[in-house]
S.K.: 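Take this structure first; my questions come after.
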Amino acid sequence: MAQELPLPADLSFSELPWEARFAGLFPGDPEAVNFTRPVSEITHSVTSPTAVRAPTLLAWSDRLATELGIKKSESGDSLALLAGNLVLPSMRPYAARYGGHQFGHWAGQLGDGRAITLGEVETKSGRREFQLKGAGPTPYSRRADGRAVLRSSVREFLCSEAMHFLGVPTTRALALVGTGEAVVRDLFYDGNPREEPGAIVTRVSPSFLRFGNFQILAATGETDLLRDLTDFLIADHFPNISPVDPDRYGLLLDEVGRRTARLMIEWMRVGFVHGVMNTDNMAVLGLTIDYGPYGWLEPYDPGWTPNTTDSEGRRYCYGNQPGIGHWNFARLCEALQPLIGDESRLKRSLELYREIFEREYPEMIARKLGVTVPVEAAELTAYREEIEMLFGLLQSSEADMTLFFRGLSTELAGAEDFLGMLTPTLYRAAPLTPELDTAWRAWFSRYRARLIKSGLLAAERIQSMRAVNPKFVLRNYLAQNAIVAAESGDATLIARLLRVLEFPYDENPSDQDLAEKRPEWARSAPGCSALSCSS
Ligand code: AMP
Ligand code: MG
């Protein structure tokens, strides 16, 4: 019998085999003093985190740590590293240079204004970068302080992990550290700044490269550096693309477009609204990145955005996300044009995004409904009508998106059963109007007929529907409850939410209170429905 090798023991954060590969491969900032400035001909600035007074570990993702082979440590060098109070000799922490289109306009240089990458580690699950968000000023901080408040850090920590366990590609979060220092923020931008507790999230990703890292090099005509960075991205993260393929940049765009389209489909599936889809907040690996004023659809409404800064234009509302993903991707294609030249090649990548979305989005909706997309033309037209009818009804009835689809993932014997499921998912105070009642019955009877045609056994259908229709999502008010508790020194709700959100598709009846409709008090409470960018 072959002898089993013992699994290598997990290491503490400070014992990890830290490397400074990116900082070693690419030209860094020749200016070593940390002050805000425009830069050129570099990809990053080596910048140390600024130490904080009294760090405490508020939350830790055991699941991520186990995946990576990291042992939890709440004190000593590991905590000091997570707080930005220590830099190991093998590290060369840096802030990345990037630009971006913000709300549709080119904003020029942005960069990591408060995120500092500590370094890279070859973990049990592959190479990862570890980044502290809120670790103090960098050359890219512009007029801001480089810090993050506890409330936005709790939101980023929990949502990163929740998205991962929902199966949505995302950067991860390992730790949440309270800094013991206050940060001043004007929450409502109404001239009332106040002190809030500060925090740092340790983010983890195979790469934090954004569309904007490439855009800034194209915008300034730094084509050699643009080529080097793009070749690096291909070599490091797209092993299926040959580094000598003459079409490698086109193939890279195809892949980024494919991933971005699929990411949009995933956001739509779970009812996630990012809130600030600027091109500096789009990861080239197709991951959800930069959790700011994001939110979850509660009453189904494609025009909804949680971001108060966007409440006029609603550029980044739920229903616009796939189109904005395409627009952003077009900006990345333009950025790589100097490497490709041939405009028709870029058009092909852009077209591919559309094709993927148009094919896979209806398949995703069909999976949520437990049906299959019909192939026959007349049948397909009827099906599309049913989908349109459904979304119209969800909106006009103010149905909770998560509860509705989860409620549908069960055995519904007839219209009465269905309406019995539907009614408690509605945010309308009054009962259904006769018109809505009739329309819902009509929809349900068509849906029933389609289910029967699909031929799946109820048990199979329910199982597959429950695997795509989560029961537990990080509703805004739940995150807010965890924040309020954490601000008064109690981090237990963060831990509980994390534990439940790790299994979002389970029935888990003992945590039913976390799967309820948004309570009435949270309808317009700050932090629960509308969020500012102040973070
Ligand atoms: P965001 O809206 O969070 O994507 O941030 C846009 C830009 O502002 C990025 O370059 C951030 O690094 C920067 N930024 C946001 N908040 C801060 C802060 N508190 N200190 C420094 N830079 C910040
Ligand atoms: Mg950002």
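Read the numbers this way: they start at 1 and go in the same order the structure lists the ligands and their atoms.
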S.K.: Taking only residues two or more places apart in sequence or in another chain, which ones pass side-chain hydrogen bond (donor to acceptor under 3.5 Å, both in side chains) with Q337?
M.R.: none
S.K.: Is it possible for you to check whether R155 lies under 6.0 Å from the centre of the six-membered ring of Y294, through NZ or CZ, and within 45° of that ring's axis?
M.R.: yes
S.K.: Can you report which non-hydrogen protein atom sits closest to atom 16 (N) of ligand 1, along with the distance?
M.R.: R114 NE, 3.3 Å
S.K.: Please state which protein non-hydrogen atom is closest to atom 11 (C) of ligand 1 and give its distance, to 0.1 Å?
M.R.: G111 O, 3.9 Å
S.K.: Is the cationic atom of R523 (NZ for Lys, CZ for Arg) positioned less than 6.0 Å from the six-membered ring centroid of W521 and within 45 degrees of its normal?
M.R.: no
S.K.: With a heavy-atom distance limit of 4.0 Å, tell me whether L110 approaches ligand 1 through its side chain, its backbone, both, or neither.
M.R.: both
S.K.: Do me a favour and list the nearest non-hydrogen protein atom to atom 8 (O) of ligand 1 with residue, atom name and distance?
M.R.: R142 NH2, 2.6 Å
S.K.: How far does CG of N328 sit from CG of N281, to the nearest 0.5 angstrom?
M.R.: 9.5 Å
S.K.: Around atom 18 (C) of ligand 1, find the nearest protein heavy atom and jot down its residue, atom name and distance.
M.R.: A144 CB, 3.4 Å
S.K.: Compute whether any side-chain donor of one residue and acceptor of the other, for H101 and Q215, lie under 3.5 angstrom apart.
M.R.: yes
S.K.: Of all the non-hydrogen atoms in the protein, which one sits nearest to atom 21 (C) of ligand 1, and at what distance?
M.R.: G113 O, 3.1 Å
S.K.: Please lay out, stage by stage, how R210 and M282 fare under the test side-chain contact (heavy atoms from CB on, under 4.5 Å).
M.R.: CA-CA 5 Å; R210 302 144 190 270; M282 300 288 292; 5.9 Å; no
S.K.: Answer yes or no: does an N/O atom from D145 fall short of 3.5 Å to an N/O atom of ligand 1?
M.R.: yes
S.K.: Would you call G292 a ligand 1 contact, heavy-atom distance under 4.0 Å?
M.R.: no
S.K.: Can you tell me if R185 contacts ligand 1 (heavy atom of the residue under 4.0 Å from the ligand)?
M.R.: yes
S.K.: Hey, is ligand 1 close enough to Q102 that some N/O pair sits below 3.5 Å?
M.R.: no
S.K.: Can you name the atoms of ligand 1, numbered from 1 with element, that are less than 4.0 Å from a heavy atom of R147?
M.R.: 19 (N)
S.K.: Checking D254 against S349: is there a side-chain donor and acceptor pair closer than 3.5 Å?
M.R.: yes
S.K.: Less than 4.0 Å from atom 5 (O) of ligand 1, is there any heavy atom belonging to the protein?
M.R.: no
S.K.: Check for me whether R314 meets the cation-pi criterion with Y316, that is, NZ or CZ under 6.0 Å from the six-membered ring centre and within 45 degrees of the ring axis.
M.R.: no
S.K.: Would you please name every residue forming a side-chain hydrogen bond (donor to acceptor under 3.5 Å, both in side chains) with Y94, sequence neighbours left out?
M.R.: none
S.K.: Nearest to the Mg ion (ligand 2), which N, O or S atom of D290 do we find?
M.R.: OD2
S.K.: Side chain or backbone, does N281 bring an N or O within less than 3.5 Å of an N or O on ligand 1?
M.R.: yes
S.K.: Can you tell me which residue and heavy atom of the protein come closest to atom 20 (N) of ligand 1, and the distance to 0.1 Å?
M.R.: G146 N, 2.8 Å
S.K.: Should the pair R518 and Y427 be classed as cation-pi, given the thresholds of under 6.0 Å to the six-membered ring centre and 45° from the axis?
M.R.: yes
S.K.: Strictly under 2.8 Å, is any N, O or S atom of N281 next to the Mg ion (ligand 2)?
M.R.: yes
S.K.: Output the list of atoms in ligand 1 that are nearer than 4.0 Å to some heavy atom of D290, sorted by atom number.
M.R.: 4 (O)
S.K.: Given the ring of F130, does R172 sit roughly above its face, with NZ or CZ under 6.0 Å from the centre of the six-membered ring and within 45° of the axis?
M.R.: no
